[in-house]
Amino acid sequence: MNVLIVEDDDGVGEALEQALGFHGFLTHRVCTGAEALERLTDTNLVLLDLGLPDLDGYEVCQRIRDRSCVPIIALSGRTKELDRVLVLHMGADDFIPKPFSRYELVARIGAVSRRARGCRQHGTGQFTPGGPAAQSPATPTDLAPLPPSAPPPSPSPSPSSSPCQTFAPLAAEHRVEPHRSTGQAPLQVGPLRLEARTRKVFVHGEEIHVTRKEFDLLAMLMEAPGAVMGRQDIMSRVWDENWFGSTRTLDVHVGSLRSKLGSSGWIETVRGVGYRLTIPAAAHT
């Protein structure tokens with residue numbers, strides 16, 4: 001299957017190419033809407049970022065749909081309902097908010113491809129799940145986790161029947177599990193206390209209400225006070241090693257934690273590297 005990636009962010013674009021190539025897709029990446037409109041020939045599916053430097057993503061989507069019935073999956077950090085509805089009205093077949101995991105992306109590509117199987121031009125592609133694109137031609141039905149004649153999966157599928165298992169997962173030695181505070185002993189750094197068992201945070205004995213991700217982020221930083229935690233390490237452990245999109249979400253969570261802890265001095269930014277936990281001078285008073 002030939003996938004056209006329309007993404008101007010080099011980091012995201014390269015990650016998409018690598019992940020899709022791993023799953024057997026043939027990819028071609030362009031950085032502008034104008035280039036995308038010139039590359040529709042022999043394209044089986046378009047991954048369209050809405051934040052392009054030359055043309056508005058909605059306009060590009062509409063122009064593609066005016067010229068072709070090729071399936072379009074829109075990618076965007078815009079998560080408001082109006083944004084999703086508008087791009088679907090412009091002709092997109094699906095919308096994936098950033099950031100997202102590669103397993104969700106591949107599953108959605110499979111779903112959109114199955115819906116397009118009736119189109120003679122875009123209903124086929126060179127794709128074999130879990131294998132290189134050079135293998136024998138595959139039809140969109142090959143992407144389905146179960147044969148068309150099989151009964152629908154139960155509401156709570158077992159791990160072996162999960163749609164993600166249709167595609168080759170990362171080797172175990174390359175996986176990084178999301179961070180979870182499994183220990184029962186509380187973590188204490190100065191007046192800051194984190195209780196893993198109850199998932200509660202206290203400053204000077206007063207409980208601070210934090211979200212699930214804020215708790216996991218703080219727990220990771222409190223494991224080694226003063227040590228610098230890299231941005232990518234934090235994203236891999238607290239979020240997901242297959243996370244696509246800007247790491248801006250990390251900055252937002254750090255900003256929220258600083259506000260809730262009462263001082264920006266609790267979490268120090270190490271420019272170009274990441275963050276570390278420190279004890280602000282005011283916390284000793």
Side-chain angles (χ1 to χ4, degrees), residues 9 11-12 15 49-51 75-85 95-105 175-285:
D9 186 302
V12 176
D49 178 61
L50 297 182
L75 312 174
S76 178
R78 310 172 190 174
T79 58
K80 293 183 178 180
E81 181 183 16
L82 179 60
D83 296 313
R84 301 194 302 269
V85 171
F95 178 95
I96 307 179
K98 293 180 179 179
F100 50 86
S101 76
R102 67 168 179 155
Y103 292 112
E104 178 184 6
L105 174 63
R175 290 198 193 112
V176 181
E177 292 298 327
H179 174 69
R180 295 179 177 84
S181 299
T182 56
Q184 298 301 309
L187 297 175
Q188 183 87 35
V189 179
L192 176 61
R193 178 183 177 87
L194 181 146
E195 296 183 356
R197 186 177 62 84
T198 60
R199 294 187 67 85
K200 291 184 177 182
V201 177
F202 300 86
V203 177
H204 292 293
E206 182 179 350
E207 183 178 356
I208 306 298
H209 297 283
V210 297
T211 66
R212 182 170 63 88
K213 290 299 184 185
E214 289 171 351
F215 182 93
D216 290 340
L217 169 58
L218 184 60
M220 181 178 177
L221 294 173
M222 290 182 69
E223 287 179 357
V228 179
M229 302 291 182
R231 293 178 65 88
Q232 194 56 52
D233 292 335
I234 296 174
M235 292 300 297
S236 295
R237 294 184 62 187
V238 177
W239 278 266
D240 182 1
E241 79 277 10
N242 298 306
W243 203 258
F244 283 110
S246 172
T247 57
R248 174 62 180 165
T249 185
L250 170 58
D251 301 324
V252 172
H253 280 74
V254 167
S256 177
L257 267 177
R258 286 169 170 166
S259 176
K260 292 179 179 181
L261 294 175
S263 171
S264 60
W266 277 109
I267 304 177
E268 179 183 342
T269 301
V270 181
R271 188 174 299 277
V273 182
Y275 297 97
R276 63 182 167 197
L277 187 77
T278 61
I279 304 177
H284 295 287
T285 60

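To the nearest 0.5 angstrom, E206 atom CD is 5.0 Å from I208 atom CD1. How far CG of L261 is from CH2 of W266: 7.0 Å, rounded to the nearest 0.5 Å. The CG atom of D216 sits 8.5 Å away from atom OG1 of T211, with the distance rounded to the nearest 0.5 Å.
Between L187 and the choices L218, L194, L277, the side chain to side chain contact (heavy atoms under 4.5 Å, CB included) rule is met once, by L194. Of the listed residues (R193, R199, R197), just one forms a side chain to side chain contact (heavy atoms under 4.5 Å, CB included) with E195, and that residue is R193.
Listed for the T269 side chain is no donor-acceptor partner under 3.5 Å among the backbone atoms of R271. Not a single donor-acceptor pair under 3.5 Å links the side chain of Q232 to the backbone N or O of I234.
Across every non-hydrogen atom of D251 and R231, the tightest pair is OD1-NH1, 2.8 Å. Minimum heavy-atom separation, V189 to P225: CG2-CG, 3.5 Å. Closest of all the heavy-atom pairs between S264 and R258 is O-NE, 3.6 Å.
Under the 4.5 Å side-chain criterion, counting only non-hydrogen atoms from C-beta, F100 is in contact with L75. Side-chain contact between L50 and F95 is present, with at least one heavy-atom pair separated by less than 4.5 Å. Side-chain contact between E214 and K260 is present, with at least one heavy-atom pair separated by less than 4.5 Å. Under the 4.5 Å side-chain criterion, counting only non-hydrogen atoms from C-beta, R276 is not in contact with L221. Contact check for K98 versus S76: no side-chain heavy atoms found under the 4.5 Å cut-off.
Considering only residues two or more places apart in sequence or on other chains, K200 meets the side-chain contact (heavy atoms from CB on, under 4.5 Å) condition with T198, F202, E207. For R84, there are no salt bridge (Lys or Arg N to Asp or Glu O under 4.0 Å) partners two or more places apart in sequence or in a different chain.
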Legend entry - V201 and L192: CA distance, side-chain angles, deciding distance, side chain to side chain contact (heavy atoms under 4.5 Å, CB included) verdict: CA-CA 7 Å; V201 177; L192 176 61; 3.8 Å; yes
Inset, instruction - Check step by step if side chain to side chain contact (heavy atoms under 4.5 Å, CB included) holds for L217 and Y275. - result: CA-CA 10 Å; L217 169 58; Y275 297 97; over 6 Å; no
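R102 has no carboxylate O lying under 4.0 Å from a charged side-chain N of E104, or vice versa, which leaves the two without a salt bridge.
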